[in-house]
Amino acid sequence: MGKNVILSAVVGYSYDKIDLFLSSALRNTSADVILIASKTSPQLRHQLLSSPRVKLVTIDFQGELTEMVFRRFFIAKEILTKIEADEVLLSDARDVYFQSDPFGIEGIVFAEEPQLIASCQVNSSWVKKYLGEDEYQIISSNPVLCAGTILGQRLELISFLEHFTQKMSSLRSRQTDLAWGVDQACLNSMVWNTHSNPTYKTSRNYQGFALTLFHEQSFLINAEGRLINRDRSIIPVIHQYDRFPWLAQHLRTFIPS
């Protein structure tokens, strides 16, 4: 098996906001972890270098977190061109927990949420705001895809990010008030557009590598307390667990203090 990587931006966070992400990644996966961190946070950088599997990429950044939502994909693209890895998970940090390795796929897999774009007020507003009513009408009958967990083979991800960042750059040239949701609006447009790459795959809740919890109301948990898919396999990536305070506490019990 070749080397796999989890890549995430932690700019703007204190260690207590991302310790569960990092601890679960190191304990429950075999991947190296590459973190994009700010040069202006020396204490955080020291805390993050707790394992030889953790690598830091430091950047000069003093802007708003909404700007990092935009910039992280451009930085990730550059990182992926310089590292050796078979598969990479582009991941949020603050609200992601790992139960096991998510790797072993082909192409690129996007986490699909159990809600149509048209039925989600948040995602509908993002698509309309950034891409317009016409694009909304084209893609709104499709499920929401989450930009916070994207899993793929490294070379496939580089190609995806080339197009993805071009789309966001084009959007920025026309709008100056890009904020939360621009990444997700662009992602859903790219994947669901009829001219998109036909090799893109999606992973549904309780059937694949990730469980995205924003629209979920029920859980499947085995006797050991692990969240599982319908086939009873352990779900590798739990995203947005902080929507349920009891779940955050539950997941923390699996990580030694």
Side-chain angles (χ1 to χ4, degrees), residues 1-39 41-59 68 72-73 75-76 79-80 82-105 109 111 146-154 157 203 208-213 221-222 224-229 233-245 247-257:
M1 179 186 295
K3 183 173 72 173
N4 299 316
V5 166
I6 297 166
L7 175 54
S8 183
V10 297
V11 174
Y13 293 131
S14 57
Y15 185 74
D16 65 296
K17 299 297 184 184
I18 57 175
D19 67 321
L20 197 54
F21 162 83
L22 184 58
S23 298
S24 65
L26 295 174
R27 182 177 177 84
N28 297 330
T29 83
S30 59
D32 285 351
V33 181
I34 299 178
L35 301 174
I36 303 166
S38 172
K39 290 181 178 178
S41 303
Q43 181 180 0
L44 175 63
R45 298 203 310 272
H46 175 74
Q47 291 171 305
L48 292 174
L49 291 173
S50 60
S51 166
R53 286 166 53 198
V54 178
K55 308 293 188 298
L56 296 186
V57 175
T58 56
I59 61 170
M68 183 49 59
R72 60 179 173 161
F73 293 100
I75 300 168
I79 292 172
L80 293 187
K82 298 174 182 177
I83 66 171
E84 293 184 4
D86 291 337
E87 295 177 43
V88 177
L89 175 68
L90 303 179
S91 178
D92 286 354
R94 182 187 56 78
D95 58 356
V96 169
Y97 179 92
F98 296 94
Q99 296 195 120
S100 63
D101 265 321
F103 306 101
I105 57 93
V109 184
C146 182
T149 53
I150 302 173
L151 177 62
Q153 294 173 303
R154 182 180 67 89
L157 277 174
S203 172
F209 82 92
L211 174 63
T212 309
L213 289 170
I221 301 177
N222 67 13
E224 289 74 41
R226 305 289 185 175
L227 278 76
I228 57 174
N229 285 314
S233 62
I234 291 176
I235 303 170
V237 181
I238 311 300
H239 185 204
Q240 300 172 340
Y241 64 82
D242 59 341
R243 269 62 173 178
F244 302 88
L247 180 58
Q249 295 177 0
H250 174 74
L251 294 175
R252 191 169 288 278
T253 64
F254 293 98
I255 303 296
S257 56

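Residue indices begin at 1 and follow the sequence shown. Model, not experiment: these values are computed from the prediction.
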After noting the C-alpha distance and the side-chain angles of Val57 and Ile34, does the key distance pass the side chain to side chain contact (heavy atoms under 4.5 Å, CB included) rule? CA-CA 7 Å; Val57 175; Ile34 299 178; 3.9 Å; yes
Residue pair Phe21, Asp92: steps toward the side chain to side chain contact (heavy atoms under 4.5 Å, CB included) verdict: CA-CA 9 Å; Phe21 162 83; Asp92 286 354; over 6 Å; no
May I have the step-by-step check of side chain to side chain contact (heavy atoms under 4.5 Å, CB included) for Ile150 and Leu89, ending in yes or no? CA-CA 6 Å; Ile150 302 173; Leu89 175 68; 5.8 Å; no
Apply side chain to side chain contact (heavy atoms under 4.5 Å, CB included) to Val5 and Arg154, showing your working. CA-CA 9 Å; Val5 166; Arg154 182 180 67 89; over 6 Å; no
Walk me through it: do Phe209 and Phe103 pass the test ring pair (Phe, Tyr, Trp, His ring centres under 6.0 Å)? CA-CA 8 Å; Phe209 82 92; Phe103 306 101; 9.2 Å; no
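Here the closest non-hydrogen pair linking Ile18 and Ala93 is CG2-CB, 3.9 Å. When all heavy atoms are compared, the tightest approach of His239 to Cys146 is CE1-SG, 3.4 Å. Taking all atoms of both residues into account, the shortest heavy-atom contact from Ser30 to Arg53 is C-NH2, 3.7 Å.
Rounded to the nearest 0.5 Å, atoms OG1 (Thr58) and CG (Leu48) are 11.5 Å apart. To the nearest 0.5 Å, the span separating CD1 on Ile83 from CG on Leu7 amounts to 7.0 Å. Distance check, rounded to the nearest 0.5 Å: OH of Tyr15 to CG of Leu44 gives 9.0 Å. The CZ atom of Arg226 sits 6.0 Å away from the CD1 atom of Ile234 when rounded to the nearest 0.5 Å. Here the OG1 atom belonging to Thr212 is positioned 9.5 Å from the CG atom belonging to Asp95, to the nearest 0.5 angstrom. Atoms OG and CD1, from Ser203 and Ile235 in turn, are 9.5 Å apart once rounded to the nearest 0.5 Å.
Every side chain to side chain donor-acceptor pair (under 3.5 Å) that Arg94 has, sequence neighbours left out, goes to Asp242. Residues meeting the ring pair (Phe, Tyr, Trp, His ring centres under 6.0 Å) test with Phe244, sequence neighbours left out: Phe219.
In this structure, the side chains of Ile59 and Met68 come closer than 4.5 Å at one or more pairs of heavy atoms. In this structure the side chain of Lys3 never reaches within 4.5 angstrom of the side chain of Asp86, judged on heavy atoms. For the pair Ile105/Glu87, a side-chain contact is recorded, criterion being any heavy-atom separation below 4.5 Å from C-beta on. Here the side chains of Leu227 and Leu211 are in contact, with some heavy-atom distance below 4.5 Å. Looking only at side-chain heavy atoms (C-beta outward), Leu90 and Thr149 stay at 4.5 Å or farther from each other. The shortest distance between side-chain heavy atoms of Asp32 and Ile6 does not fall below 4.5 Å. Residues Leu247 and Leu213 have side chains in contact (heavy-atom distance under 4.5 Å, counting atoms from C-beta outward). Counting heavy atoms from C-beta outward, Leu35 and Lys55 have side chains that stay 4.5 Å or more apart.
Remark: side-chain polar atoms of Ser8 are paired, donor with acceptor, to backbone N or O of Ser91 under 3.5 angstrom.
When each of Val109, Leu151, Asn4 is paired with Pro102, the side chain to side chain contact (heavy atoms under 4.5 Å, CB included) condition holds for Leu151 and for no other. Each of Ile228, Ile238, Val237 was checked for a side chain to side chain contact (heavy atoms under 4.5 Å, CB included) with Gln99, and the lone residue meeting it is Ile238.
Ring-centre distance between Tyr97 and Phe254: not below the 6.0 Å cut-off.
For residues 18-29, the pairs satisfying side chain to side chain donor-acceptor pair (under 3.5 Å) are Asp19-Arg252, with sequence neighbours left out.
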